Amino acid sequence: MCVQAQHGPADLSIYWQTDAAYDGKNQLRYQLVLKNDGRKAFSLNEWDLFFNSMFPILDEQTEKYAIKDLKGNVFQITFSGQTLQPKDSLVISYTSKYIIPGVSMLPNGFYLLNNKDKKTFFGIEKVSYKMLQRSAEENRSYLAELYNKNKAFEKAESNILIFPTPKYLKESKGKYRIKHKITVQADTSLYPMVSREVSSIVSVEFTNGGSADLVLKQNPSLGAEAYHLTISENQISIEASQYAGFLYAIKSIKSLYSGVKHTSGEKVLPCVEVKDEPRYGYRGFMMDIARNFRDKSIVLKYLDLMADYKLNVLHFHFIEDEAWRIEIPGLPELTEVGARRSPLFHEGNALMPAYGSAADTQARYLTRADFIEILRYAQERNIQVVPEIETPGHARAAIKAMWARYNRFMRQGKPELAEQYLLHDPEDKSVYNTPQNYNDNVLNPALPSVYTFIEKVLDEFALMYKEAGVPFTKVSLGGDEVPRGVWEGSPKIKAFMEEQGMSSVHEVWTYYIDRINKICLKKGLQLAGWEEIGMVNKGKGMVVNPNMADKQNMQLDVWNNVIGGGQEDLVYRLANAGYPTVLISASNTYFDMMWDSKF
């Protein structure tokens with residue numbers, strides 16, 4: 001619970017800028033200018049300043065303040081007897097490990113926590129930034145380089161009638177003029193889809209006989225997502241074998257309609273013949289609502305957009321270090337603790353602030369009912385939802401939530417319940433650091449409770465899919481970015497390795513992957529995961545693992561193909577080793593990556 005401070009957020013402001021020593025190369029010094037905008041003196045000695053920064057900041061001690069990295073991109077500034085008089089400022093200089101290339105990397109989420117009671121806090125909302133400015137000469141040089149780069153990408157313009165471009169399209173003379181209301185002849189099972197999709201253009205009336213304006217015919221010879229579309233001056237005809245083909249044909253009609261200039265209130269379609277089928281069976285989009293939450297309405301919007309572009313897989317990433325965003329019956333801590341960030345995270349009932357959340361303490365997650373609605377909505381649009389339950393790394397939210405559960409039951413004198421879903425070894429002294437700057441985010445494969453937890457979560461997902469009437473056939477269990485040093489200081493791992501006759505923690509990795517794959521096989525699920533689940537470290541870094549059992553049940557999502565990184569052909573090497581693979585190009589298809597980072 002937040003206790004309101006004597007001074008509110010309006011009393012203080014923060015201004016960010018580069019330090020005088022900054023040169024963009026060897027000296028990456030920045031400044032935070034903390035100003036008292038109130039009418040009374042403000043005793044900084046009673047408060048600690050916290051904030052988020054995507055890029056690491058070096059620890060630093062001065063006479064007036066000390067900066068400390070708390071891990072997880074949270075940083076703390078403590079003050080030494082400082083008092084800010086009205087309109088007075090304190091300049092805090094710090095060093096970053098990297099140059100800040102854009103607004104997304106700026107420090108944010110500033111709040112003050114009383115260091116005496118450790119319960120009173122408030123966010124600082126008045127934050128401004130002075131971005132780096134180029135000289136006129138630098139700006140001209142940059143724009144010229146950018147112009148030349150863009151010009152190299154130019155191609156001859158072609159008239160795209162349907163997007164994505166179909167395999168075969170032949171345009172004829174003439175136009176189909178759309179009436180105020182069109183008649184539709186189709187199987188009754190297609191009525192809801194046709195009404196939903198076509199009603200944005202024109203009203204529809206279904207008929208069982210006679211000559212209809214739009215006719216949908218079954219053609220068993222076509223593939224599951226294939227269709228034939230013919231638009232003449234008098235009629236629109238669609239042939240498909242399954243629901244997906246009919247859906248995609250109508251999506252193509254809507255694409256045609258949106259690309260036509262309609263004059264004098266007349267609605268028309270060009271006369272065309274289209275024979276189409278997706279070139280790739282897996283056409284996915286990954287959505288991460290763990291780091292930055294998006295509610296059900298936004299997810300449904302994205303599903304609509306995916307359907308318009310004929311994408312058929314939503315890789316749904318809602319479990320991370322920074323949050324657990326899905327309700328799981330029987331494990332309320334996952335959302336009570338794992339979906340909530342708070343300045344009072346030190347009490348063990350919330351996660352540390354992240355991505356600028358500051359003093360916002362609201363738990364944000366999808367309810368069970370939300371997810372069931374999303375599943376049904378996706379199925380209506382021929383989209384398979386593949387949930388990602390990040391393991392064994394990127395699991396901090398789950399670890400902290402189950403630690404809170406452990407402590408709750410221990411206080412009640414119920415050790416068996418406390419240990420039922422414990423995910424880490426409390427005595428683990430391993431030293432490691434992840435790319436996201438965490439050192440406590442990896443599950444412990446030596447604990448039977450880890451697999452009990454995974455099975456519990458999978459069973460709850462299965463029940464949600466069943467209630468939605470949607471097949472549950474695939475789950476991603478993550479597997480990426482498990483850092484060096486993990487498990488090496490765990491007594492539980494040491495005992496486990498002795499029991500199993502293992503000589504290296506690298507063998508624990510392959511044991512874990514094999515075991516979660518067997519869990520998935522037992523439950524009739526295909527295991528999906530990042531490329532690392534098909535790899536092994538033999539002491540010199542991760543390489544393709546050709547010896548993994550049941551590899552045909554493992555779909556590898558291969559992201560590491562950054563040009564110049566030496567892994568450009570990794571997806572081919574993994575596929576040639578026998579793993580089903582999906583190419584996820586980090587160089588070109590990550591929407592949250594800057595398209596050009598050059599100043």
Side-chain angles (χ1 to χ4, degrees), residues 13-35 44 48-80 82 89-110 124 127-149 354-356 431-439 481 483-485 541 560 562-568 586-587 590 592-599:
S13 62
I14 286 180
Y15 178 70
W16 179 92
Q17 62 185 2
T18 55
D19 189 273
Y22 177 87
D23 65 7
K25 297 177 182 178
N26 300 317
Q27 292 291 337
L28 301 181
R29 294 284 289 178
Y30 301 96
Q31 289 183 354
L32 295 172
V33 181
L34 182 62
K35 183 180 179 182
L44 284 176
D48 294 344
L49 177 65
F50 296 79
F51 63 97
N52 295 127
S53 174
M54 289 293 291
F55 286 160
I57 292 171
L58 301 183
D59 287 1
E60 187 168 339
Q61 177 81 47
T62 73
E63 292 183 359
K64 295 183 177 181
Y65 58 84
I67 302 174
K68 184 178 180 181
D69 182 352
L70 299 185
K71 298 297 182 181
N73 300 321
V74 177
F75 297 86
Q76 177 183 17
I77 300 178
T78 56
F79 303 96
S80 302
Q82 299 299 306
S89 299
L90 173 65
V91 177
I92 303 166
S93 294
Y94 70 89
T95 299
S96 173
K97 285 188 177 182
Y98 306 106
I99 189 172
I100 294 181
V103 295
S104 63
M105 298 301 175
L106 289 170
N108 59 11
F110 295 91
I124 299 177
V127 181
S128 56
Y129 302 88
K130 181 181 179 181
M131 297 302 296
L132 299 176
Q133 299 293 323
R134 303 186 191 95
S135 67
E137 182 179 348
E138 288 174 328
N139 199 47
R140 281 194 298 270
S141 175
Y142 167 73
L143 292 175
E145 183 179 340
L146 190 61
Y147 177 85
N148 292 330
K149 183 184 293 186
Y355 301 101
V431 178
Y432 63 88
N433 197 58
T434 72
Q436 291 76 30
N437 203 29
Y438 289 102
N439 60 2
E481 295 187 328
R484 293 179 182 178
N560 187 7
V562 177
I563 297 171
Q567 301 290 349
E568 293 88 343
S587 297
Y590 277 30
D592 65 340
M593 296 291 189
M594 291 176 292
W595 67 276
D596 193 324
S597 62
K598 181 178 173 59
F599 271 166

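By convention here, the first residue in the shown sequence is residue 1. Treat the numbers as computed from the prediction; the structure is a model and nothing was measured.
For the atom pair Asn139 CG and Leu146 CG, the distance stands at 10.5 Å (nearest 0.5 Å). For the atom pair Ile100 CD1 and Met54 CE, the distance stands at 11.0 Å (nearest 0.5 Å). How far CD of Gln82 is from CG of Leu34: 10.5 Å, rounded to the nearest 0.5 Å. Here the CZ atom belonging to Phe110 is positioned 6.5 Å from the CG atom belonging to Leu49, to the nearest 0.5 angstrom. Between the CZ atom in Phe50 and the OG1 atom in Thr78 there is a gap of 9.0 Å [rounded to 0.5 Å].
With hydrogens and angles disregarded, a donor-acceptor distance shorter than 3.5 Å links the side chain of Thr434 to the backbone of Tyr438. Side-chain atoms of Ser53 never come within 3.5 Å of backbone atoms of Pro56 as a donor-acceptor pair (strictly under, hydrogens ignored). Of the possible polar contacts, one joining the Asn52 side chain to the Asn73 backbone as a donor-acceptor pair under 3.5 Å is found.
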* Yes or no on side chain to side chain contact (heavy atoms under 4.5 Å, CB included) for Ile92 and Phe79, after CA distance, side-chain angles and deciding distance? -> CA-CA 10 Å; Ile92 303 166; Phe79 303 96; 4.0 Å; yes
* To do: Using the side chain to side chain contact (heavy atoms under 4.5 Å, CB included) rule, take Ser93 and Gln31 through it: C-alpha gap first, then chi angles, then the decisive distance, then the call.
  => CA-CA 4 Å; Ser93 294; Gln31 289 183 354; 3.6 Å; yes
* Decide side chain to side chain contact (heavy atoms under 4.5 Å, CB included) for Val127 and Asn108; before the verdict, give the C-alpha distance in whole Å, the side-chain angles of both, and the deciding distance to 0.1 Å. => CA-CA 8 Å; Val127 181; Asn108 59 11; over 6 Å; no
* **Steps toward side chain to side chain contact (heavy atoms under 4.5 Å, CB included) verdict (Phe51, Ile57)** => CA-CA 11 Å; Phe51 63 97; Ile57 292 171; 3.6 Å; yes
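Counting non-hydrogen atoms of neighbouring residues, nucleotides and ligands closer than 6.0 angstrom, the CZ atom of Arg29 exceeds 12 such neighbours. Around atom NZ of Lys68, no more than 12 heavy atoms belonging to other residues, nucleotides or ligands sit under 6.0 Å away.
With respect to the salt-bridge test (charged N to carboxylate O, under 4.0 angstrom), the residues Arg140 and Glu145 do not qualify.
At a threshold of 4.5 Å between non-hydrogen side-chain atoms, the residues Lys64 and Ser80 do not count as touching. For the pair Leu28 and Tyr22, the minimum side-chain heavy-atom distance is below 4.5 Å. For the pair Asp69 and Asn437, the minimum side-chain heavy-atom distance is below 4.5 Å. At a threshold of 4.5 Å between non-hydrogen side-chain atoms, the residues Tyr15 and Lys130 count as touching. Side-chain atoms of Leu44 and Leu90, non-hydrogen and from C-beta on, do get closer than 4.5 Å to each other.
The two atoms that bring Ile99 and Tyr30 nearest to each other are CA-OH, 3.6 Å, heavy atoms only. Residues Ala21 and Gln27 approach most closely at O-CB, 3.0 Å, considering heavy atoms. Annotation for Val33 and Ser89: closest pair CG1-CB, 3.9 Å, computed over non-hydrogen atoms.
The aromatic rings of Trp16 and Tyr129 sit tilted relative to each other, their planes meeting at an angle between 30° and 60°.
Counting only N and O atoms by type, the side chains of Asp48 and Gln76 include a donor and acceptor under 3.5 Å apart.
No option in Leu58, Asp19, Ile77, Leu32 other than Leu32 meets the side chain to side chain contact (heavy atoms under 4.5 Å, CB included) test with Tyr94.
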